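We count ligands from 1, going down the list as the structure has it; atoms in each ligand are counted the same way. Quantities reported herein were computed from a predicted structural model and do not represent experimental measurements.
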Amino acid sequence: MQALQADFTLIDGQLRPDIVVRVDGARIGGVDAPPEGRVQRLRGRVLVPGFVNGHSHAFQRLLRGRTEHRPPGIDDDFWSWRDAMYRVANALDPEAMEAVTRLAFVEMLLAGFTHVAEFHYVHHQPDGRPYADRLAMAKAVFAGAANAGIGITLLRTAYARSGPGKPLRPEQRRFADTEPADYAGDLDALSAQPGARVGIAAHSVRALPREWLETLAALPGDHPVHAHVSEQIGDVESCLAEHGMRPVELLDDLGLLSSRFTAVHATHLGPGEAARLGRVGATACICPTTESNLGDGLPDLPALLEAGAALSIGTDSHARIDPFAELRGLEDGERLRTRRRNVLARPGRDTAETLFRAGAEGGARSVGLDAGAIRVGARADLVALRLQDASVAGVGEASDAGRALLAGLWLGGHPRLVSEVWVGGRLVIEDGVHPGWDSALAAYANVARTVWT
Ligand SMILES: [Zn+2]
């Protein structure tokens, strides 16, 4: 058992001073309990629940810095970025996948993420034939997470076509399964791996025909279900042309929506689609740094919140890995879109509280993880942030210190504030250092040289 006492601790959306948090094994055993035994004093620090990265394709970190130049004669948009992504996706074998995902996961821990929902879609050999072990690539991702020390929910992705009436392109073959039964078999086999947390991902209504979506909706169990939803206007238009309805309407009609469902992006929703997500208590996972990097557009977050949907954040393509930037992006996008301020504040709830809840609680809920808040019984996924930094210096010097500090952290926070990180009670970052950084970087750099030379 250990006990932690920071200057401030985030409890139920508020920063409270001098709380003692007891950690029993992997779980929080006491909050504000009288200290028993030695208390580790986290001086000059704030203790918050670990952030949950609700949407990640970890291998795409290899694209960082590689797609920010406009090729001559090309009007650059999402689809030209996707071509570069395919080059990377087709260059990796299981060993390279482990190396690349490990570095991405270590970077996530250094930034304050304690759990990742990995939307995994590179399954087979580049020509589409399964590996001798059909799960080789998924096991490589699990190994990357275990070697980094981050918690992971692997969302096994279904993918079957390039688009309505369009067969797979050669570079998409390794993402696809021949039959829905192959998908279901792999999902079962992954779920049977010791300690594995697994969920279902429908890549998108573009990449799956109706019968595949029906099969996914009928799968037994209580897995989380995630899907890319309406990231691009082209996704909406092709769905309307094929099905006569918009993506959320189709997913609802086919029975995929529930409180276990997460709509990733939800950028271009039509009237009534937010209400359908809210009615069932689904989550919308917004990835502001990726969505701005790819030029996707801005979702209507108040419509989702008012409908009753939860919000979470994801770093998706890993143009950056920074939960503070994602939180800022949620509110900044709304201010620019609506020309108003404090758009995500709710009665009795400051903007900062809405954002921090999205960063931890919303993501935990979207993968069915008992975490995302500092309360008795929850997983001890915890992050200590240092206050001796120019970005937050002096912000908490008044009677309403907690309220100002929480706002200061979303306005000015950045990964360099992360001092300690505990995943399931285990200390994985100490004084801002991950012990496996050097070896992770060496393995990653080898892969990067091979892919980009
Ligand atoms: Zn994605």
Side-chain angles (χ1 to χ4, degrees), residues 52-64 67 77-89 92 97 100-101 104-105 108 113 115-123 137-138 141 152-160 162-163 171-172 174-176 199-208 216 224-236 239 247-248 251 256 261-269 282-299 311-323 325-326 329-330 362-363 366-367:
V52 175
N53 197 343
H55 187 66
S56 159
H57 312 286
F59 81 87
Q60 291 180 12
R61 193 191 182 284
L62 271 179
L63 285 160
R64 189 178 296 173
T67 59
D77 62 9
F78 172 86
W79 307 102
S80 58
W81 169 87
R82 192 180 70 159
D83 285 340
M85 182 270 285
Y86 285 163
R87 172 174 168 179
V88 170
L92 302 177
M97 180 64 91
V100 172
T101 57
F105 295 148
M108 287 179 204
F113 286 114
H115 194 94
V116 57
E118 178 65 19
F119 200 106
H120 170 66
Y121 63 90
V122 184
H123 306 305
M137 282 300 226
V141 175
I152 185 170
T153 301
L154 189 133
L155 303 164
R156 209 287 185 184
T157 303
Y159 196 105
S162 186
E171 60 271 31
Q172 296 166 334
R174 67 185 319 193
F175 313 156
I200 295 165
H203 181 277
S204 55
V205 298
R206 183 186 77 242
L208 292 166
L216 296 181
V225 180
H226 290 216
H228 291 124
V229 173
S230 305
E231 179 178 10
Q232 292 287 316
I233 288 174
D235 294 328
V236 179
C239 187
V248 174
L251 294 167
L256 276 149
F261 183 77
T262 294
V264 179
H265 303 303
T267 314
H268 302 288
L269 300 189
T283 302
C285 182
I286 314 300
C287 310
T289 66
T290 291
E291 287 150 12
S292 61
N293 185 270
L294 296 180
D296 290 340
L298 289 168
L311 295 182
S312 63
I313 54 164
T315 60
D316 191 3
S317 70
H318 312 303
R320 302 169 70 173
I321 293 178
D322 178 348
E326 305 299 340
L330 295 179
S366 82
V367 292

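- Between the side chains of D296 and T267, no donor N or O sits under 3.5 Å from an acceptor N or O.
- Here H55 reaches the Zn ion (ligand 1): one of its N/O/S atoms is less than 2.8 Å from the metal.
- With respect to the Zn ion (ligand 1), D316 has OD1 as its nearest N, O or S atom.
- Using the six-membered ring where Trp is involved, F175 and Y159 have ring planes that are perpendicular, over 60° apart on the 30 and 60° scheme.
- Taking the six-membered ring for Trp and the full ring otherwise, H265 and H55 have centroids separated by under 6.0 Å.
- Taking the centre of each ring, H228 and H203 come in below the 6.0 Å mark.
- For the Zn ion (ligand 1), the N/O/S atoms of H57 include one lying under 2.8 Å.
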